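In what follows, a single structure is set out as structure tokens and then discussed.
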Amino acid sequence: MDGGRALTIEQQRKILERGVEEILPAGELEPLLRIAQSENRPLRVKLGIDPTASDIHLGFAVVLRKLRQFQDLGHTACLVIGDFTASIGDPSGRSKTRPVLSRAEIERNVHSYEQQLYRILDPDRTEISYNGDWLAEMRFADVIQLASQYTAARMLERDDFAKRIEDQQPVYIHETLYPLCQGQDSVQIRADIELGGSDQKFNNLVGRDLQRNAGQRPQLVMLMPLLVGTDGVEKMSKSLDNYIGIDEPPEEQFGKAMSIPDEQIAAYLELATDAPPEEIEAARGAQNPMAAKTALAKRVAALYHGREAAERAAEHFASTVRRREAPDEMPELNAAPLIEDNGKNKGVWIVKLIAAAGFAESNSAARRLIQQGAVSIDGERITDANAHVSPADGAVLKAGKRRFARLVMK
RNA sequence: GGGAGGAUACUCAAGUGGUCAACGAGGGCAGACUGUAAAUCUGCUGGCGAAGCCUUCGGGGGUUCGAAUCCUCCUCCUCCCA
């Protein structure tokens with residue numbers, strides 16, 4: 001509890017409530033902090049992790065960063081890896097039944113997850129458990145006992161299920177067990193608080209009921225707003241490919257951040273960065289979204305790669321995108337083996353060159369790029385798909401705005 | 001157990017014998033423009049060294065000069081009644 005000693009309970013509460021969408025029951029955070037203090041023990045703050053994706057993105061980082069705040073105040077992060085529940089699939093926000101993951105996929109994801117988690121969390125105050133350790137051990141009688149604690153009506157009235165039923169989409173029995181499993185996790189690890197995205201409200205509240213039935217104090221539920229993806233519409237997620245990964249290179253993060261719609265700038269500043277409230281407020285009605293967005297993109301890159309890398313990413317963006325210059329560093333492509341000389345054709349066939357560079361998946365796709373005027377060598381546009389070229393060694397091949405390769409001709 | 005409906009490209013979704021490599025929308029890509037990889041507009045979006053050819057509409061078999069479209073069997077999916 002060393003971190004917490006310097007601050008009053010009131011101050012701690014303020015920090016912890018910042019950026020939070022909802023606390024259930026409202027107003028219970030401060031009393032809980034007092035209990036922890038008087039009992040002189042860290043709170044156990046639970047976060048369920050669904051290992052269905054292998055990349056942690058800014059959306060999930062919102063919750064992780066909140067968890068980190070708890071850690072900095074001396075509390076314990078209790079991560080529950082849903083290795084067992086991943087084989088069910090969280091129905092939250094889903095309009096369809098989820099595909100089931102294989103054991104191997106889950107293990108691969110978990111492994112990659114753990115490395116990324118500690119870019120945000122403090123490993124010394126983190127406890128990791130796998131819910132398969134207890135859920136897989138349950139006997140059928142235990143499952144019945146668990147299921148007997150909730151009614152079908154309450155389960156089916158939740159939004160996701162109700163909508164599906166109305167749309168004549170299937171709802172499977174095992175999906176209704178998902179919230180119960182997650183609630184059982186809370187019982188198992190004796191969570192004081194459960195963090196989650198706002199779409200986790202129902203699941204987290206089930207945990208309260210189960211804990212109460214088990215004679216525990218029901219966990220406080222803390223819900224964070226969902227970060228919208230770079231498309232500006234859907235929730236950020238890997239499957240929609242609208243995410244910014246915390247492990248991505250700074251240039252990628254910067255560029256992706258620049259591609260969010262202007263209206264999302266303030267939300268991103270608030271949820272995904274440490275920007276002070278004044279800056280967030282200023283960004284809300286900004287006259288110059290470009291400047292605000294650039295500042296945001298820098299903050300994001302700096303958070304995961306440091307200030308210097310963020311500055312470089314900004315410069316990279318300005319030169320490649322705004323001034324359309326070739327970047328300093330780009331992959332090399334040895335084009336020498338592609339050179340032909342058979343009387344009919346002399347040089348490298350441009351279509352093959354594009355395909356070899358990996359800029360197109362097929363020759364047909366390469367032809368399209370060429371015909372659309374996307375391809376150039378050393379700034380000279382090539383629009384004839386039958387063209388053969390003899391570029392100088394070190395010439396720059398470009399396809400579209402962002403794909404570059406330096407040609408090696410010997 | 002009984003009845004009804006469905007499976008089309010990345011997704012949704014038209015098409016019910018030739019004019020179908022398959023309408024449309026979303027997504028993606030590209031170009032123009034710009035303040036950005038935003039917005040907007042336009043184009044492209046199965047493969048092949050490509051005026052032509054090849055493969056595709058859940059799977060197999062069949063009818064036909066010709067099938068995504070008709071028949072048949074199979075697989076899978078959904079809904080309604082009980």
Side-chain angles (χ1 to χ4, degrees), chain A residues 94-100 164-172 175 228-234 237-244 248-269 283 286-301 313-325 327 338-376 381-389 398-404:
Chain A
R94 288 277 160 166
S95 52
K96 290 180 181 172
T97 305
R98 271 203 183 186
V100 172
R164 269 155 68 173
I165 289 167
E166 194 179 327
D167 292 346
Q168 306 208 314
Q169 292 294 314
V171 174
Y172 290 88
E175 294 182 90
V228 171
T230 52
D231 58 6
V233 183
E234 304 279 354
S237 78
K238 170 130 182 169
S239 53
L240 291 171
D241 196 25
N242 62 358
Y243 71 100
I244 302 176
E248 291 187 88
E251 291 80 13
E252 269 316 287
Q253 294 181 331
F254 190 97
K256 285 186 176 182
M258 290 303 284
S259 79
I260 67 169
D262 292 349
E263 313 82 67
Q264 292 295 334
I265 296 173
Y268 267 67
L269 278 174
Q287 297 299 310
N288 187 350
M290 180 60 191
K293 209 185 274 185
T294 305
L296 161 68
K298 264 191 214 174
R299 278 190 176 280
V300 169
E315 180 44 42
H316 175 267
F317 184 85
S319 70
T320 59
V321 177
R322 210 177 314 174
R323 299 196 296 271
R324 302 200 178 176
E325 297 164 354
L338 298 174
I339 297 173
E340 302 169 56
D341 187 3
N342 53 19
K344 190 167 165 230
N345 300 320
K346 227 172 154 52
V348 179
W349 184 30
I350 188 66
V351 167
K352 272 276 179 280
L353 192 57
I354 295 296
F359 295 165
E361 285 182 358
S362 64
N363 286 6
S364 295
R367 277 170 190 277
R368 270 178 238 127
L369 283 175
I370 295 160
Q371 280 155 9
Q372 287 174 139
V375 176
S376 67
R381 186 175 283 187
I382 295 163
T383 52
D384 176 9
N386 293 313
H388 284 70
V389 295
K398 183 184 177 200
K401 291 186 182 70
R402 312 168 51 193
R403 287 166 294 185
F404 296 89

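Only a predicted model underlies this, so the values are computations on that prediction, with no experimental measurement involved. Numbered from 1 within each chain, the chains take letters A, B, ... in sequence-line order.
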[N] - base-pair partner by Watson-Crick or wobble geometry, distances under 3.5 Å:
{"N": "B:A39", "answer": "none"}
{"N": "B:U45", "answer": "B:G27"}
{"N": "B:U72", "answer": "B:G60"}
{"N": "B:A14", "answer": "none"}
{"N": "B:G1", "answer": "B:C81"}

Rounding to the closest angstrom, what is the interatomic distance between [N] and [M] at atom [atom1]?
{"N": "B:A13", "M": "B:C79", "atom1": "P", "result": "15 Å"}
{"N": "B:A32", "M": "B:G46", "atom1": "C1'", "result": "28 Å"}
{"N": "B:G58", "M": "B:A39", "atom1": "C1'", "result": "41 Å"}
{"N": "B:G52", "M": "B:G60", "atom1": "C1'", "result": "32 Å"}
{"N": "B:A51", "M": "B:G59", "atom1": "P", "result": "31 Å"}
{"N": "B:U55", "M": "B:G47", "atom1": "C1'", "result": "7 Å"}
{"N": "B:G5", "M": "B:C20", "atom1": "C1'", "result": "26 Å"}
{"N": "B:G35", "M": "B:U45", "atom1": "P", "result": "32 Å"}

Starting from [atom2] on [N], measure out to [atom1] on [X] and report it in whole angstrom.
{"X": "A:Gln372", "N": "B:C29", "atom1": "CD", "atom2": "C1'", "result": "7 Å"}
{"X": "A:Tyr243", "N": "B:G27", "atom1": "OH", "atom2": "C1'", "result": "16 Å"}
{"X": "A:Asn386", "N": "B:C48", "atom1": "CG", "atom2": "C1'", "result": "13 Å"}
{"X": "A:Lys346", "N": "B:G49", "atom1": "NZ", "atom2": "P", "result": "22 Å"}
{"X": "A:Arg368", "N": "B:G49", "atom1": "CZ", "atom2": "P", "result": "13 Å"}
{"X": "A:Ile260", "N": "B:A39", "atom1": "CD1", "atom2": "P", "result": "11 Å"}
{"X": "A:Ile370", "N": "B:G49", "atom1": "CD1", "atom2": "P", "result": "12 Å"}
{"X": "A:Arg403", "N": "B:C29", "atom1": "CZ", "atom2": "C1'", "result": "7 Å"}

Do the side chain of [X] and the base of [N] come within less than 3.5 angstrom through a donor-acceptor pair of N or O atoms?
{"X": "A:Arg324", "N": "B:U34", "value": "yes"}
{"X": "A:Glu340", "N": "B:G49", "value": "yes"}
{"X": "A:Asp262", "N": "B:G35", "value": "yes"}
{"X": "A:Ser364", "N": "B:A50", "value": "yes"}

Counting just side-chain N and O atoms, does [X] come under 4.0 Å of either OP1 or OP2 of [N]?
{"X": "A:Ser362", "N": "B:C48", "answer": "yes"}
{"X": "A:Ser259", "N": "B:A38", "answer": "no"}
{"X": "A:Lys401", "N": "B:G31", "answer": "yes"}
{"X": "A:Arg402", "N": "B:A37", "answer": "no"}

Practice task
Give me the ring orientation class for A:Trp349 and A:His388: parallel if the planes are under 30° apart, tilted from 30 to 60°, perpendicular past 60°.
Solution key: parallel
Practice task
Begin with the C-alpha distance, continue with both residues' side-chain angles, and end with the deciding distance and a verdict on side-chain contact (heavy atoms from CB on, under 4.5 Å) for A:Ile260 and A:Leu296.
Solution key: CA-CA 10 Å; A:Ile260 67 169; A:Leu296 161 68; 3.6 Å; yes
Counting any heavy atom closer than 4.0 Å, what does [X] reach on the DNA or RNA strands: base, sugar-phosphate only, or nothing?
{"X": "A:Gln264", "answer": "nothing"}
{"X": "A:Gly255", "answer": "base"}
{"X": "A:Asn345", "answer": "base"}

Exercise for the section: Over all heavy atoms of both residues, which pair between A:Gly232 and A:Pro261 is shortest? Give the atoms and the distance, please. Expected result: CA-CG, 3.5 Å
Problem - A:His388 side-chain proximity, nearest of B:G49, B:A38, B:G31 - result: B:G49
Fill in the blank from the handout: Ranking B:A32, B:A37, B:G35 by distance to the side chain of A:Arg322, first place goes to B:G35
Exercise for the section: For A:Asn363 and A:Lys352, indicate whether the former's side chain and the latter's backbone hold a donor-acceptor pair under 3.5 Å. Expected result: no
Practice task
Mark yes or no for whether A:Arg381, through its side chain, and A:Gly373, through its backbone, hold a donor-acceptor pair below 3.5 Å.
Solution key: yes
Handout entry: Cationic N near anionic O, under 4.0 Å, A:Lys398 to A:Glu325
Key = no
Exercise for the section: Output yes when A:Lys256 and A:Glu248 qualify as a salt bridge under the 4.0 Å nitrogen-oxygen rule, no when they do not. Expected result: yes
Exercise for the section: On RNA chain B, check which nucleotide each of A:Lys293 and A:Gly400 is closest to and give me the residue with the more 5' one. Expected result: A:Gly400
Problem - Closest-nucleotide 5' rank along RNA chain B - winner of A:Glu361 and A:Ala399 - result: A:Ala399
Handout entry: Euclidean distance, A:Thr383 OG1 relative to A:Gln372 CD, rounded to 0.5 Å
Key = 12.0 Å
